[in-house]
Amino acid sequence: MKKVLAIVMALVMMLAVSGCSGNADDGVVTVGVIQFMQHASLDEAYQGFVDGLAEAGYVEGENLKIEFQNASGEVSNCQQICDIFANNGIDLALAIATPAAQSAVNVFQETDIPVFFTAVTDAVGAGLVESNEAPGKNVTGTLDMPVIADQIKVIKDVLPDAQKIAILYTSSEANSEIQANEAKAAAEALGMEVLIQTSSSSNDIPQVIASVVGSVDAIYIPSDNAFASAMATVNQAAVENQIPVFCAVEAMIAEGGIATTAIDYYELGKQTAAMAVRVLNGESAAEIAVETQKECALVVNKTFAASVGVEIPEEILAAAATIY
C-alpha cells in the first residue's frame, strides 16, 4: 500500500510541475515513458530508446524532455500514468511491456499523440494494432517474440537425455501464455513431455519451482515480467532443488538460467527509437509496420549451470556469443 501511495504522490507532483502542454512548438520534444515494472530487460529497452534518440539528434536536456514513470507492476498505475501524460500534453508516448502499452493505446488512440511500444510479444492479440503490417491506429513498435523452438532446442542440446520439462509462467500475463503454448509444441516436437505450472505472483515462485522438482528434467521460463523481476528468487530455488532452469531472455540467463537464444533488448529499444524518429520527421505511426528483431544470439551461464550440476557441452560454449 505504501508503494502505491508513493507512486500516486509522485504522479500528482509530476502533474503540478509539468504543466499541461507539450513542447514540440518550441523545438523541444516531450516523450512520456511508461514502464510496466523494473527489471533488466525492460530497463535495457528504455536505455536503448534514449540512446537511439540521442544518436538521431534528440538529446535529453537540449531538444528532448523525457517524463519517465514506472508502474511497479500495477495495471491500475499504468492507466493513471497515461491519464497524467495526456493532461501534460506530451508529444509522443513510449510504453514498455504489454500492460503499459494497452493502457497507452486506451488513453491515446483517439488523439493525435503517437504511441510506440516495445517488449511486447503479440501486438495484435493484445489489441494494440489491427495487424503488424498495417497497424491501423496511431500506434506501432517492436516485438520481443523470440524463436521459441530454437530456445527449446537449446535445452535438448545441453541436456540430450532430458525427457520431460516444466514450463512456468505467471497466470495473469497473456503474452507468457502465448509463449508457453508455443514452447509446449516445440518441446513435444522434440519428443519431450511437458508439464505447465503457473504462478499467481512473484511470492509463490519458490513453491511453484519446488512443485515440479523430481518430476521433470528441466524448467523453461518465457519472457515473463514477474519471473524476470524475481530471478534472484528463481536462482535460489533452482540451486536449492538442483533443477536446471532455461529462460527466454538474456538478462534472466545472466541472473540464474543456463542458456538461450536471446533477443537484445537494448537494440530493440534503439530499433523503437528509429521508428519514433520517422514519425517526428513526418511519417504516420499508423503506416509504419510493427517490427521484430531477426537475429538472436546464443547466451550461456556456466556459473549457474555448474551450481545445479550441469556441464555445458564444448560445442555449445564455442557457439555462444556471450558466456557468463
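Being a predicted model, the structure only gives us computed values, none of them experimental.
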Colleague: Does Q102 have any side chain to side chain donor-acceptor pair (under 3.5 Å) partners at least two apart in sequence or in another chain, and if so, which?
Modeller: none

Colleague: Any donor-acceptor pair under 3.5 Å linking the side chain of S229 with the backbone of A226?
Modeller: yes

Colleague: Is a donor on one side and an acceptor on the other found under 3.5 Å between the side chain of N235 and the backbone of M231?
Modeller: no

Colleague: Do Y169 and M37 land in one hydrophobic cluster if side-chain heavy atoms of ILVMFWY residues count as linked below 4.5 Å?
Modeller: no

Colleague: Can you hop from V120 to F108 via hydrophobic side chains spaced under 4.5 Å?
Modeller: yes

Colleague: Looking at S172, is its backbone amide N or carbonyl O close enough to the side chain of T170 to form a donor-acceptor pair, meaning the two atoms are under 3.5 Å apart?
Modeller: no

Colleague: Does the side chain of V50 come within less than 4.5 Å of I66's, by heavy atoms?
Modeller: yes

Colleague: Which pairs count as salt bridge (Lys or Arg N to Asp or Glu O under 4.0 Å) when at least one residue sits in residues 242-266, sequence neighbours excluded?
Modeller: none

Colleague: Calculate, to the nearest 0.5 Å, the distance between atoms CG and CD belonging to D204 and Q197 respectively.
Modeller: 10.5 Å

Colleague: State the CD1-SG distance between I113 and C82, to the nearest 0.5 angstrom.
Modeller: 12.0 Å

Colleague: Mind listing the closest non-hydrogen atom pair of A251 and A40 along with its distance?
Modeller: CB-CB, 3.5 Å

Colleague: Residues two or more places apart in sequence or in another chain: which of them pass salt bridge (charged side-chain N to carboxylate O under 4.0 Å, His left out) with K156?
Modeller: none

Colleague: Taking salt bridge (Lys or Arg N to Asp or Glu O under 4.0 Å) as the cut-off, I'd like each qualifying pair that reaches into residues 40-62, sequence neighbours left out, listed once.
Modeller: E55-K270

Colleague: With rounding to the nearest 0.5 Å, note down the distance linking CG in D224 to OG in S202.
Modeller: 10.0 Å

Colleague: Please tell me if the side chains of P244 and I219 come closer than 4.5 Å, counting only heavy atoms from C-beta onward.
Modeller: no

Colleague: Same hydrophobic cluster for V59 and V279, using side-chain heavy-atom links shorter than 4.5 Å among ILVMFWY?
Modeller: no

Colleague: Quick check against the 3.5 Å criterion: does T260 have a side-chain atom that pairs as donor or acceptor with the backbone of A262?
Modeller: no

Colleague: Less than 3.5 Å apart, any donor N or O on the side chain of E291 or Q271 sitting next to an acceptor on the other?
Modeller: yes

Colleague: Might you point out which heavy atoms bring F246 and A218 nearest each other, and give the distance in Å?
Modeller: CE1-CB, 4.0 Å

Colleague: Is the shortest heavy-atom distance from the side chain of V115 to the side chain of L92 under 4.5 Å?
Modeller: no

Colleague: Between CG of L268 and OG of S41, what distance do you get to the nearest 0.5 Å?
Modeller: 10.0 Å

Colleague: If you compare all heavy atoms of C247 against all heavy atoms of G257, which two are closest, and at what distance to 0.1 Å?
Modeller: SG-CA, 4.3 Å

Colleague: With the 4.5 Å side-chain cut-off for hydrophobic clustering, are V277 and Y266 part of the same group?
Modeller: no

Colleague: Could you tell me which non-hydrogen atom of L143 sits nearest to which non-hydrogen atom of V290, and how far apart they are?
Modeller: CG-CG1, 3.6 Å

Colleague: Mind running side chain to side chain contact (heavy atoms under 4.5 Å, CB included) on V33 and L94 for me, showing each step along the way?
Modeller: CA-CA 5 Å; V33 179; L94 170 70; 4.0 Å; yes

Colleague: Hey, does I152 have a side-chain heavy atom less than 4.5 Å from the side chain of I148?
Modeller: yes

Colleague: If you apply the rule side chain to side chain contact (heavy atoms under 4.5 Å, CB included), what do you find for D150 with C296, and how did you get there?
Modeller: CA-CA 10 Å; D150 291 347; C296 293; over 6 Å; no

Colleague: If you compare all heavy atoms of F117 against all heavy atoms of A101, which two are closest, and at what distance to 0.1 Å?
Modeller: CB-CB, 3.9 Å

Colleague: Measuring from atom CD1 of I81 to atom OG of S72, what distance do you get when rounded to the nearest 0.5 angstrom?
Modeller: 8.0 Å

Colleague: Between D217 and K164, is there a donor-acceptor pair closer than 3.5 Å when you use the side chain of the first and the backbone of the second?
Modeller: yes

Colleague: Evaluate side chain to side chain contact (heavy atoms under 4.5 Å, CB included) for T322 paired with V300, printing each intermediate quantity in order.
Modeller: CA-CA 6 Å; T322 303; V300 172; over 6 Å; no

Colleague: Do L64 and V31 touch side chain to side chain, with heavy atoms closer than 4.5 Å?
Modeller: yes

Colleague: Tell me who clusters with V299, hydrophobic residues only, linked when side chains sit under 4.5 Å apart either directly or through other members.
Modeller: I253, Y324

Colleague: I'd like to check the salt bridge (charged side-chain N to carboxylate O under 4.0 Å, His left out) partners of K153; sequence neighbours left out, ordered by chain and number.
Modeller: D157

Colleague: Side chains of I221 and V234: closer than 4.5 Å at any heavy-atom pair?
Modeller: yes

Colleague: Please name all residues satisfying ring pair (Phe, Tyr, Trp, His ring centres under 6.0 Å) with Y46, sequence neighbours left out, ordered by chain then number.
Modeller: F68

Colleague: Enumerate the residue pairs fulfilling side chain to side chain donor-acceptor pair (under 3.5 Å) with a member in residues 122-148, sequence neighbours excluded, ordered by first and then second residue.
Modeller: T118-T142, T121-D144, T142-T272, D144-Y265

Colleague: I'd like to know if the side chain of Q151 reaches the main chain of V249, judged simply by a donor and an acceptor atom lying under 3.5 Å from each other, with no hydrogens or angles considered.
Modeller: no

Colleague: Is there a continuous path of hydrophobic side-chain contacts, each under 4.5 Å between heavy atoms, that joins F116 to M145?
Modeller: no

Colleague: With sequence neighbours excluded, give me every salt bridge (Lys or Arg N to Asp or Glu O under 4.0 Å) pair touching residues 176-186.
Modeller: K184-E188

Colleague: Would you please name every residue forming a side chain to side chain donor-acceptor pair (under 3.5 Å) with N301, sequence neighbours left out?
Modeller: none

Colleague: Nearest heavy-atom pair of V194 and I167: which atoms, and what distance?
Modeller: CG1-CD1, 3.6 Å

Colleague: For the CZ atom of F36 and the OG atom of S103, what is their distance to the nearest 0.5 Å?
Modeller: 9.0 Å

Colleague: Mind checking side chain to side chain donor-acceptor pair (under 3.5 Å) for Y58 and listing every partner two or more places apart, or none if nothing turns up?
Modeller: none

Colleague: Go through it in stages, so that I can follow the logic: the residues are L168 and Y220, the test is side chain to side chain contact (heavy atoms under 4.5 Å, CB included), and I'd like the CA-CA distance, side-chain angles, deciding distance and then a yes or no.
Modeller: CA-CA 6 Å; L168 310 182; Y220 172 79; over 6 Å; no

Colleague: Going by side chain to side chain donor-acceptor pair (under 3.5 Å), name the residues that satisfy it together with N63, two or more places apart in sequence or in a different chain.
Modeller: none

Colleague: Kindly indicate whether the side chain of T261, heavy atoms from C-beta on, has any atom under 4.5 Å from the side chain of L298.
Modeller: yes

Colleague: Is there a donor-acceptor pair under 3.5 Å between the side chain of E74 and the backbone N or O of S76?
Modeller: no

Colleague: Hey, is CD on E315 packed in by over 12 heavy atoms from elsewhere, all under 6.0 Å?
Modeller: yes

